[in-house]
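What you see below is based on every heavy atom in this structure, not just the backbone, and it leaves out hydrogens, waters and symmetry mates.
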Amino acid sequence: MDYLQIIGGKPLSGEVYISGAKNASLPLLALSLLAKTPFKLTNIPSVADIKTFIKLLENLGARCEYPSKNAILLDTSYVNHTKAVYDIVRKMRASILVLGPLLSRFHHCEVSLPGGCAIGARPVDMHLKALTSMGAEIDIKSGYILARAPKGLKGTTIVFDKKTVTGSENIIMAAALAQGKTRIINACKEPEVVQLCQILSDAGLEIEGIGTDEISITGSERSLLDLKEVAVIPDRIEAGTYLCAGAITNSPITVHNVIESHMEAITIKLQEIGFDINYSCDDDSVCSMKLVPAKKISAFNITTSEFPGFPTDMQAQFMALATQCEGTSVIRETLFENRFMHVNELQRLGANISLNGNVAQVTGKSELFGTDVMATDLRASSALVLASLVAKGISNIHRIYHLDRGYENLEEKLRSLGADIKRLKEQA
Ligand code: EPZ
């Protein structure tokens, strides 16, 4: 196993190019199951979760080619069975995204229950309830979801009790091949959900309400779709993480290839804390954002919520930043029941954090000191990297396979900004 060694205290400067979004790529990989002809995706990040999803598709019989760097051509005409096996699904919960497409195309499938993870139980009950209302018969047996729809899926009205990103994506894809119109009420409107809907609309499906929390889709009645080549949208969470690297070291850094409207909750919060952000955008609204060092870095309050609110996937990174802010910051996590796994590790670095249920209070400015810490989940690990950038001395971050799931070339990008960071092998 690898670990990262960071020597903190170095000021950063320079620029990084943001990769394609992991959480936009995953549903698009699943969408390939609905394609009439090979489906080409570009700007796909080279990260572990993408590799795992591709392995899942290949295990189903799909064929993948790699025409160029960060591009993939998926041919699912060779898919010859519909069982998503535990050994692959357990590595990545988002594998549940094959459920809707497999069921709507083949009318039957077996998908291993994804199980929980460090940040919470993460049930899929809303996915299953919605598919049942579309006419699916669903049983759970020996840890697998057994789903059948012998007469195909039928459009209906679905109300999600809570907003669910992959739940919305699963049902949007199921509805794409269903008979009739499906209305999804309380749908998510994250940029990755919007891109999925736009691709289906470009393929000729009638979709209303794209970008709102009420989406309706008239299905193709099982005809496979003419999906056009797509460039995956930039990763707003990766971009936010690098802006936080600039903020926590109070350094001027620039991130390229970002979409401003995807980042507003993050950039407005950074401005509230004391940082100016200068934008320059091209006519496709793809921007560069330069973070300007602050004269005073003030404490802040955050309550995580669904898009366009403050993203839960940025909560850990801002908690690390809060250790360097003057005053007491209050961070409330509302989406996941256990998304404070980074607190103990930040405290080991010297952070002054107190927890009360789903609320963390962080008092700064704290002087942090390098030590050994352990990553527990993807975004928690990025928070430990950020804190190590300012901690005095050497920090060793272990179990960084969590980081490798969602950050492309993290060491190279941080090193290009001036960080002293190395990837080393654990001693046997
Ligand atoms: C997506 O997870 C993201 N993953 C997560 O990013 C992100 O944190 C999350 O949305 C919230 O924004 C991908 O897009 C691949 P949810 P998802 O369904 O879809 C509950 C990262 O770091 N719920 O929106 O699994 C659930 O327990 C990852 O990149 C049910 O109760 O999240 C949670 O409390 C981490 N029943 C809440 O809803 C269900 O059937 C939101 O979960 C589904 C969800």
Side-chain angles (χ1 to χ4, degrees), residues 1-10 12 16 19 22 45-52 90-93 115-120 122 235 237-238 240-242 244-245 248-249 312-324 333 336 338-353 355 360 362 366-428:
M1 274 209 275
D2 298 346
Y3 68 96
L4 285 180
Q5 182 170 89
I6 294 175
I7 300 176
K10 316 272 180 194
L12 303 185
V16 289
S19 303
K22 165 181 84 81
S46 174
V47 295
D49 272 8
I50 302 302
K51 296 183 177 95
T52 302
R90 72 184 174 84
K91 294 191 182 95
M92 188 199 48
R93 304 189 62 269
C117 72
I119 64 177
R122 304 190 69 186
D235 194 320
I237 305 302
E238 185 198 17
T241 304
Y242 285 104
C244 282
I248 201 168
T249 56
T312 175
D313 292 349
M314 285 300 305
Q315 178 255 104
Q317 298 91 314
F318 271 75
M319 191 179 292
L321 174 55
T323 67
Q324 303 307 300
E333 173 55 61
F336 292 106
N338 191 34
R339 202 166 197 175
F340 283 149
M341 303 283 280
H342 39 285
V343 170
N344 288 340
E345 300 306 297
L346 289 172
Q347 287 169 331
R348 288 174 48 72
L349 289 162
N352 178 355
I353 305 172
L355 283 184
V362 187
S366 304
E367 197 169 11
L368 303 182
F369 299 91
T371 187
D372 285 83
V373 289
M374 189 173 73
T376 50
D377 58 85
L378 171 55
R379 306 305 173 182
S381 7
S382 67
L384 298 179
V385 171
L386 296 177
S388 301
L389 292 174
V390 287
K392 289 197 173 5
I394 296 174
S395 296
N396 296 314
I397 303 170
H398 302 278
R399 300 193 181 179
I400 53 162
Y401 55 84
H402 290 291
L403 259 179
D404 295 338
R405 297 187 51 175
Y407 287 96
E408 185 177 46
N409 300 332
L410 178 121
E411 303 97 272
E412 292 80 358
K413 292 186 181 183
L414 281 176
R415 204 174 293 125
S416 75
L417 292 175
D420 184 337
I421 179 170
K422 290 190 280 297
R423 179 181 286 251
L424 303 171
K425 287 275 176 232
E426 299 281 7
Q427 301 306 322

K22: side-chain hydrogen bond (donor to acceptor under 3.5 Å, both in side chains) partners, not counting sequence neighbours: none
Please find the pair of heavy atoms, one from A316 and one from A383, that lie closest to each other, and give the distance. O-CB, 3.3 Å
Can you name the side-chain contact (heavy atoms from CB on, under 4.5 Å) partners of I400, sequence neighbours left out? D2, L4, I397, L403, R423
Interatomic spacing from CG in D404 to CG in L410 - rounded to 0.5 Å: 8.5 Å
Contacts of type side-chain hydrogen bond (donor to acceptor under 3.5 Å, both in side chains), residue T249, not counting sequence neighbours: S251
Reported CD1-to-CG distance for the pair I248 and L321, which is rounded to 0.5 angstrom: 6.0 Å
Taking ring pair (Phe, Tyr, Trp, His ring centres under 6.0 Å) as the cut-off, I'd like each qualifying pair that reaches into residues 401-428, sequence neighbours left out, listed once. none
Interatomic distance, CG@L346 vs CZ@F340, rounded to 0.5 Å, equals 11.5 Å
Closest non-hydrogen atom pair, L378 against G406: CD1-N, 3.6 Å
Which atoms form the tightest heavy-atom contact between S388 and I6, and what is the distance? O-CG2, 3.6 Å
For G370 and L349, which heavy atoms make the closest approach, and how far apart are they? CA-CD2, 4.2 Å
With sequence neighbours excluded, give me every side chain to side chain donor-acceptor pair (under 3.5 Å) pair touching residues 341-352. Q315-H342
Once side-chain contact (heavy atoms from CB on, under 4.5 Å) is applied, do any residues pair with T312, and if so which ones, sequence neighbours excluded? T304, E333, L335, F336, R339
Can a donor-acceptor pair be found, under 3.5 Å and without considering hydrogens, that links the side chain of Q317 to the backbone of D313? yes
Note: L12 and A245 closest approach over all heavy atoms is CD1-O, 3.8 Å
Should we count CZ of R399 as having more than 12 external heavy atoms under 6.0 Å? no
Do K413 and T241 pair up side chain to side chain, a donor and an acceptor below 3.5 Å, judged on atom types alone? no
Atom pair CZ/CD1 of F369 and I394 - distance to nearest 0.5 Å: 14.5 Å
Using the test side-chain hydrogen bond (donor to acceptor under 3.5 Å, both in side chains), find all partners of R405 that sit at least two apart in sequence or belong to another chain. D49
Going by the rule side-chain contact (heavy atoms from CB on, under 4.5 Å), which residues pair with D420 if we only count those two or more places apart in sequence or in a different chain? I7, K10, K422
Among residues at least two apart in sequence or on other chains, which ones pass salt bridge (Lys or Arg N to Asp or Glu O under 4.0 Å) with K51? none
Output the distance between atom CE (M314) and atom SG (C244), rounded to the nearest 0.5 Å. 4.0 Å
Under the salt bridge (Lys or Arg N to Asp or Glu O under 4.0 Å) rule, what pairs show up with a residue in residues 366-395, not counting sequence neighbours? E367-K392
What closest approach, in Å, do A351 and T323 show between heavy atoms, and which atom pair accounts for it? CB-CG2, 3.6 Å
From T376, L389, V373, residue fulfilling side chain to side chain contact (heavy atoms under 4.5 Å, CB included) relative to L384: V373
Residues in side-chain hydrogen bond (donor to acceptor under 3.5 Å, both in side chains) with Q5, at least two apart? N396
Hey, does the side chain of E408 reach the backbone of S46 with a donor-acceptor pair shorter than 3.5 angstrom? yes
Once side-chain contact (heavy atoms from CB on, under 4.5 Å) is applied, do any residues pair with Q427, and if so which ones, sequence neighbours excluded? none
